[in-house]
Amino acid sequence: MHVVVNAAMSADGKLSTREREQVAISGPADFDRVDALRAESDAVMVGVGTVLADDPSLTVDDDARRERRREGGKPENPARIVADSRIRTPTDARVLDDRAETYLLTSEAAPQDFVAEITDAGAEVISTGDQRVDLPAALAELESRGIDRLMVEGGGEIIFSLFEAELVDELSVYVGPTVIGGWKAPTLADGDGFVDDFPELSLRDVEGIDDGVLIRWDVC
């Protein structure tokens, strides 16, 4: 599986405010770029924190891109994946509508009544790991279901966990012309953080978009 992490952050490295409120960091050109990335992917993944904060649909916006997917024999939207160890995803979340297939990655510690509820709401549940999602095992299960190209849109904890598990192949970051501040505000890679064996990146290219800059790296 090829894993692409894509995120937008402020000039000081924040994904949102300390209150986890979504901030418009990028502009129309970058929104279109992200939509194109989604259309090229087999699935789009977020952590449950992103679902709770933003209630995203994770679908392709552009009609022509959805049509090209259909013409290529694919569903008009990529599958949606939520990493949710304890199943906190609301049953009325937009990722559970009928616009695309949805997988919920959870752990064996998830209450079985919640597993049943979320299954009834339309998600396929994949359980790996005792207390937290075992990401290598979960992604292997997804790959066995035909997901070869995975786009990850955040948030900071799932991005850190994927880097920690050495599962990331590419990192694309849009740095916008905004300063958010706050030591409690989420960053690109939260979690425990690295103290050694830092992931190494190889710069692919840099591009000015809107009033910010897009930086692309390959993960070594």
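The analysis underlying the following values was restricted to heavy atoms, covering all of them including side chains, and did not include hydrogens, waters or symmetry mates.
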same_hphob_cluster([X], [Y]) at 4.5 Å side-chain heavy-atom cutoff:
| X | Y | result |
| --- | --- | --- |
| Val179 | Leu15 | no |
| Val34 | Met9 | no |
| Tyr103 | Leu58 | no |

Within a reach of under 6.0 Å around [atom1] of [X], are more than 12 heavy atoms found that belong to other residues, nucleotides or ligands?
| X | atom1 | value |
| --- | --- | --- |
| Glu143 | CD | yes |
| Phe31 | CZ | yes |
| Glu164 | CD | yes |
| Arg18 | CZ | no |
| Asp12 | CG | yes |
| Glu200 | CD | no |

Side chain [X], main chain [Y], donor-acceptor under 3.5 Å:
| X | Y | answer |
| --- | --- | --- |
| Arg38 | Val44 | no |
| Asp62 | Ala64 | yes |
| Asn77 | Arg99 | yes |
| Thr91 | Ala121 | no |
| Asp42 | Arg149 | yes |

Tell me whether [X] is salt-bridged to [Y], with the criterion being a basic N under 4.0 Å from an acidic carboxylate O.
| X | Y | result |
| --- | --- | --- |
| Asp210 | Arg33 | no |
| Arg94 | Asp97 | no |
| Glu67 | Arg70 | yes |

| Just wondering, do Thr59 and Arg80 contact through their side chains at under 4.5 Å, heavy atoms? |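 Result yes, sub-4.5 Å side-chain heavy-atom pair found.
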Does Trp217 reach the side chain of Val173, with side-chain heavy atoms less than 4.5 Å apart?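 Contact flag for Trp217/Val173 side chains = yes.
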For the pair Arg216 and Glu170, evaluate side-chain contact (heavy atoms from CB on, under 4.5 Å) and give the outcome as yes or no after the intermediate values.
-> CA-CA 7 Å; Arg216 296 187 184 93; Glu170 297 179 39; 5.9 Å; no
Given the options Leu105, Leu104, Val133, Asp84 meets side chain to side chain contact (heavy atoms under 4.5 Å, CB included) only with Leu104
Evaluation steps, side-chain contact (heavy atoms from CB on, under 4.5 Å), between Leu201 and Val219: CA-CA 5 Å; Leu201 309 176; Val219 180; 3.8 Å; yes
- Message: Nearest 0.5 angstrom please: Leu214 CG to Ile209 CD1, how far?
- Response: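 Answer rounded to 0.5 Å: 4.5 Å.
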Value for CG (Leu139) from CD1 (Ile126), rounded to nearest 0.5 Å, stands at 9.0 Å
When you check the side-chain N and O atoms of Arg132 and Ser85, is any donor under 3.5 Å from an acceptor?
no
Over all heavy atoms of both residues, which pair between Ser10 and Val175 is shortest? Give the atoms and the distance, please.
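Looks like O-CG1, 3.8 Å.
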Note: Thr17 and Pro186 closest approach over all heavy atoms is O-CD, 3.4 Å
- Item | Residues that Glu117 engages under salt bridge (Lys or Arg N to Asp or Glu O under 4.0 Å), provided they are two or more places apart |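 So Glu117 forms no salt bridge (Lys or Arg N to Asp or Glu O under 4.0 Å) with any residue.
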